[in-house]
Amino acid sequence: MLLSRKWLSEFVDVDANDKEFAEAMTLSGSKVEVTEDLGAEISNVVVGRVLSMERHPDSDHMWVCQVDVAQDQPVQIVTGAWNVHVGDLVPVALHKSTLPGGKKIEKGKLRGVESNGMLCGLYELGLDERDFPYAAIIPAALLNDYKPLDPAKPSIPADVQPGHKIYGPVVAAGVKEVIPHQNGWTVTLDLGDGHIAPHDTALPNIHVGDMVAYNTDKALICTLADLHAQQAEFPHCIPDGIFILREDCKPGDDLKPVINADDHVVEFEITPNRPDCLSVIGLAREAAATFDKPLQLHEPVVKGGAEGVLTDLLDVETPDADLCPRYTARMVRNVKIAPSPKWMRERLRSMGVRPINNIVDITNYVMLEYGQPMHAFDYRYVKGGKIIVRRAADGEELTTLDGNVRKLTGNMLVIADETRAVGLAGVMGGENSEIVADTADVVFESACFDGTCIRKTALALGMRTEASAKFEKGLDPLNTLPAVNRACELVELLGAGEVVDGIIDVLNFVPQPRVLKLEPEKINGLLGTDVAKDEMVRILRKLDFTVEGDQVTVPSWRGDVEGMADLAEEVARFHGYNNIPVTLMRGQTTLGGFGAEELLERRCGAVCRAMGYDEIITYSFISPTQYDKILWPADYARRESFKILNPLGEDTSIMRTTTLPSMLEILTRNYNYRNQDVKLYEVGRVYLPGGEDGLADERKVLTLGAYGGDMDFYAMKGTIEAILKDLRVDEIRFQEPTGAPSDASYHPGRCATVWAGSSCIGIFGQIHPLAARNYGVDTEFYCAELSLDQLGQAQGPDPEYVPLPKFPAVERDIAVVCDKTVTVGALEDCIRKGAKGLLKDVALFDIYTGAGIPEGKKSVAFSLTLRADDRSLTSEEADADVKSILETLEKDLGAVLR
């Protein structure tokens, strides 16, 4: 938020330099980012009056001017501008002066003639025609400056004389006399047959001795456009020149006050909870409280009296009252579109707003002054004289003021008439209601719209404006009436039109002031201060809070004050943060710790790192083509992913439903970088449809990926077993894949699913060679995808201390012959099943096929450890347990003792 200190001084008189002002405002809670002296780059530039002009002896377009700058002697300055006349007031950059952009001016010689400075144009002072509309230059076509494009075929003879015909009614005329007046110059022309009566013109580049083209029918001196001439034919007749001042100034005056370069602008960082400070009045309130100065506010006064009855001319309906708490409108007739006065243009420019015309400038002025965005409609385009504030129809189109066609949705609010939308509420007006040069009647809109609706509309259409930035923060509905009255007051002040009596004010809410209890003890307890109640009351009252007893009524514009803590903040910032004593922290502290899910992640990560795996973190958004690369079928339901509304690109356009592509991308990158042995893990999220309120069902997955070295199916299996062992998971088994579509990513003969009891924890194995080829690699990738939720559910209890066994164990080795299709895991499960309670451990130590073993069979040998906790085992007891185990093996799996 930019703030002009000259504008601020209208409401509060602050006697402080920029540094003091910035420090005080920042300490009171209004953070200042930057302060700027608008005239800091301008020095030694004054107002001068041209006393005389002579042609440069060695130039066909330069003038040697004597300029009065209130010094002992006039200053001689050479200029090439043709719009200067004797008696003109002009900006003069003297010797050793500086101009915007770091330009330095020093005396010198131009073609042998001394020049002790420079006469300045608008652009050299950092200005343009919008700042001073009267300074716009339309040059006359000077025949003595004519240069034919084709020297062999000139349109005007080189020896043209007064009275010679140019074409039709246009003849050559010599300038005999030039006398300046308030709005231009009176020139006397020689048409060859004698002098004619003085002729008024606003064309600024005419001097005695010039030859001009004169239209005898229209009694006008011709411009280049009148002659249908090109700029190249009249090289010095350009719309650029010296800034001729019409301000109340005199020779020798410092130029900065004349062009408003003496203003100081302060840039504030306004937090979203303080939309009231997005205005001059709002910051004036803060400044008045900060510097303990009286606030001088102005109550708008509107005379009115224009022809017509407002209720007969205009009707307002708000069918969607929930999105429009208040809509206020007034009407102005017989509008006269013109440039705004200098003081208004200066204030707008200081606040970073470009002046346009009086009506548009008034709406911008009120928005800056009151913080209330306004819009002006051309009444003739409001069909039926009715304004309807409604939701847009799905697919409805509106061409906004920037010329773009916007396609709207039913969640957006529009201002419409009986036939179509004429504006996008709170964002931008429609092109079909724009104020133009022939606008006669204007409707001023001052409304309050739902901030959330405006924010979503601006975001969806990508058109955040100054108005939407204010509305989205939540404005004060009670501010709409004084703002529209201020706009009408300015219309009358500027003579821009006649205000119709009456106001249309639609209230869709019941104003209820917020009343809070003043609790000094709690406030001091919260702040750690000892501020007296009287001081608290004084602070609140100078912020326009009403305090009666222990009841505090919050002003309507302070929507951020909702409770005791907010009152404490107001007390703290104006009591002074520097005055709050520094103390050590007091109070109870809680013992921090990790939750169950965090502990699970940390334990899994610790095991992975111990096994040589490095952690990676990947993006949660991927490309839809990744599902093709991992060979998922086209009709697989898990391809349905959440799409990102504003993706960085097609490669990051959806939220992933599997972490496998992300792991394969990183493995591929390492492979391409020629890393020979890589082991990686990640705890990442997947986003599946079916969550509450249409949101994603977010799940965490532990993903492993490796290649090279001694990595194979069994090495990956060992890593998974280590993780499960650390988590004390029981009833672990590995089975063939279930045939799910996601299994297509793995080699059909080198992958397995991981189970804990009846729950499937995940899948692991070698990536299918075709999938690896899709990633451009020719090596074996091994990956695992384990559900963190399932791991947490399968996790065993915390271990309990068990003393070392007092009694010796009995070791037995057995070797059984079984079908080759029987897995070692199935044999181990069967051994544990057949034991009668004495089996403490079982370990595989040999698998044999060959001589002595039938075809299609294999020999598998285990070492069994048997022990009783309360006694030494006898051979008979151990043999009975082993016998039971062998019987169970033969019965369940057909495995017999070798």
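In what follows, every heavy atom counts, from backbone to side chain, and hydrogens, waters and symmetry copies are set aside. Given the structure is predicted, the values throughout are model-derived calculations rather than measurements.
With salt bridges taken as basic N to acidic carboxylate O contacts below 4.0 Å, none links Asp501 and Arg330. Between Arg5 and Asp18 there is a salt bridge, with a side-chain nitrogen of the basic residue lying less than 4.0 Å from a carboxylate oxygen of the acidic one. A salt bridge links Arg486 to Glu369: at least one charged side-chain nitrogen sits closer than 4.0 Å to a carboxylate oxygen. Of the charged side-chain nitrogens involved, none lies within less than 4.0 Å of a carboxylate oxygen, so that Glu397 and Lys407 do not count as a salt-bridged pair. Salt bridge status for Asp320 with Arg391: present, with a side-chain N to carboxylate O gap under 4.0 Å. By the 4.0 Å N-to-carboxylate-O rule, Glu396 lies too far from Arg420 to be salt-bridged with it. In summary, Glu33 and Lys31 engage in a salt bridge, as defined by a charged side-chain N under 4.0 Å from a carboxylate O. With salt bridges taken as basic N to acidic carboxylate O contacts below 4.0 Å, one links Lys342 and Glu346. A salt bridge does not link Arg347 to Asp263: none of the charged side-chain nitrogens sits closer than 4.0 Å to a carboxylate oxygen.
Applying the side-chain contact (heavy atoms from CB on, under 4.5 Å) test to Asp560 and every residue at least two apart in sequence or in another chain returns Asn273, Arg274, Arg558. In this view, His575 satisfies the side chain to side chain donor-acceptor pair (under 3.5 Å) rule with no residue, not counting sequence neighbours. A search for ring pair (Phe, Tyr, Trp, His ring centres under 6.0 Å) contacts involving Phe377 returns His375, not counting sequence neighbours. With sequence neighbours excluded, the residues forming a side chain to side chain donor-acceptor pair (under 3.5 Å) with Tyr134 are Glu247, listed by chain and number. The side-chain contact (heavy atoms from CB on, under 4.5 Å) check on Pro511 picks up Leu478, Phe509, with sequence neighbours excluded. For Phe21, the ring pair (Phe, Tyr, Trp, His ring centres under 6.0 Å) test picks out Phe291, with sequence neighbours left out. In this view, Asn364 and Leu348, Val353, Val360, Met367 satisfy the side-chain contact (heavy atoms from CB on, under 4.5 Å) rule, not counting sequence neighbours. Evaluation of the side-chain contact (heavy atoms from CB on, under 4.5 Å) rule for Asp254 yields Lys256, Pro257 as partners, not counting sequence neighbours. In terms of the ring pair (Phe, Tyr, Trp, His ring centres under 6.0 Å) criterion, Tyr327 has no residue partners (sequence neighbours excluded).
Note that the CD atom of Glu23 and the OG1 atom of Thr35 stand 10.5 Å from one another [nearest 0.5 Å]. With rounding to the nearest 0.5 angstrom, the CG atom of Leu368 is 9.0 Å from the OG atom of Ser279. In this structure, CG on Asp37 lies 4.0 Å from NE2 on His264, to the nearest 0.5 angstrom. If you take CG on Leu3 and CE on Met25, they are separated by 7.5 Å, rounding to the nearest 0.5 Å. With values rounded to the nearest 0.5 angstrom, Leu314 atom CG is found 7.0 Å from Met331 atom CE. Taken from CD in Gln296 to CG in Asp13, the straight-line distance is 7.5 Å, to the nearest 0.5 Å.
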Salt bridge (charged side-chain N to carboxylate O under 4.0 Å, His left out) between Glu472 and Lys456, intermediate numbers included: CA-CA 9 Å; Glu472 67 186 25; Lys456 290 182 176 180; over 6 Å; no
Derivation and outcome, side-chain contact (heavy atoms from CB on, under 4.5 Å), residues Met344 and Ile362: CA-CA 8 Å; Met344 179 174 283; Ile362 284 172; 4.2 Å; yes
side-chain hydrogen bond (donor to acceptor under 3.5 Å, both in side chains) evaluation trace for Ser28 with Thr290: CA-CA 6 Å; Ser28 67; Thr290 299; 2.8 Å; yes
Steps toward side-chain contact (heavy atoms from CB on, under 4.5 Å) verdict (Leu125, Leu255): CA-CA 10 Å; Leu125 297 171; Leu255 184 69; 3.8 Å; yes
Steps toward salt bridge (charged side-chain N to carboxylate O under 4.0 Å, His left out) verdict (Asp262, Lys6): CA-CA 9 Å; Asp262 61 333; Lys6 287 179 70 174; 3.2 Å; yes
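Smallest separation of non-hydrogen atoms from Arg573 and Glu570: NH2-OE1, 2.9 Å. Listed here is the closest heavy atom pair of Leu527 and Ala568: CD1-O, 3.6 Å. The two residues Ile356 and Arg130 have their closest heavy-atom pair at CA-NH1, 3.7 Å. Listed here is the closest heavy atom pair of Met412 and Ala460: CE-CB, 3.8 Å. Scanning all heavy atoms of the two residues, the minimum distance from Val499 to Val302 falls at CG1-CG1, 3.8 Å. The two residues Ala289 and Leu543 have their closest heavy-atom pair at CB-CD2, 3.7 Å.
Listed by first then second residue, pairs satisfying side-chain hydrogen bond (donor to acceptor under 3.5 Å, both in side chains) with a partner in residues 516-526 read Glu519-Lys522, Asn524-Thr529, not counting sequence neighbours. Among residues at least two apart or in separate chains, salt bridge (Lys or Arg N to Asp or Glu O under 4.0 Å) pairs with a member in residues 441-451 are Arg333-Asp441. Within the structure, every pair that satisfies the ring-ring contact (aromatic ring centres under 6.0 Å, His included) test and touches residues 440-485, not counting sequence neighbours, is listed here: Phe449-Phe471.
Residues Met463 and Leu424 have side chains in contact (heavy-atom distance under 4.5 Å, counting atoms from C-beta outward). Using a 4.5 Å heavy-atom cutoff, the side chains of Leu408 and Val414 are in contact. Within the 4.5 Å cutoff, no side-chain heavy atoms of Phe268 are placed close to those of Cys277.
Of the possible donor and acceptor atoms, none in the side chain of Lys336 sits under 3.5 Å from a partner among the backbone N and O of Gly497. Looking at Asn479, its side chain never comes within 3.5 Å of a backbone N or O of Asp476 through a donor-acceptor pair. Looking at Asn357, its side chain never comes within 3.5 Å of a backbone N or O of Pro339 through a donor-acceptor pair. Formation of a donor-acceptor pair under 3.5 Å by the Arg345 side chain with backbone atoms of Ser340 is found in this model.
Between the side chains of His298 and Glu489, at least one donor-acceptor pair of N or O atoms lies under 3.5 Å. For the 3.5 Å distance criterion, the side chains of Thr439 and Asp378 qualify, holding a donor opposite an acceptor. Ser350 and Asn260 share a donor-acceptor pair across their side chains, judged by distance under 3.5 Å alone. Side-chain N/O atoms of Thr419 and Asp417 include a donor and acceptor closer than 3.5 Å. Under 3.5 Å, the side chains of Thr480 and Thr328 contain a donor-acceptor pair of N or O atoms.
When each of Ile337, Val332, Leu490 is checked for a side-chain contact (heavy atoms from CB on, under 4.5 Å) with Ile359, only Ile337 meets the rule.
Ring pair Trp343/Tyr365: centre-to-centre distance below 6.0 Å.
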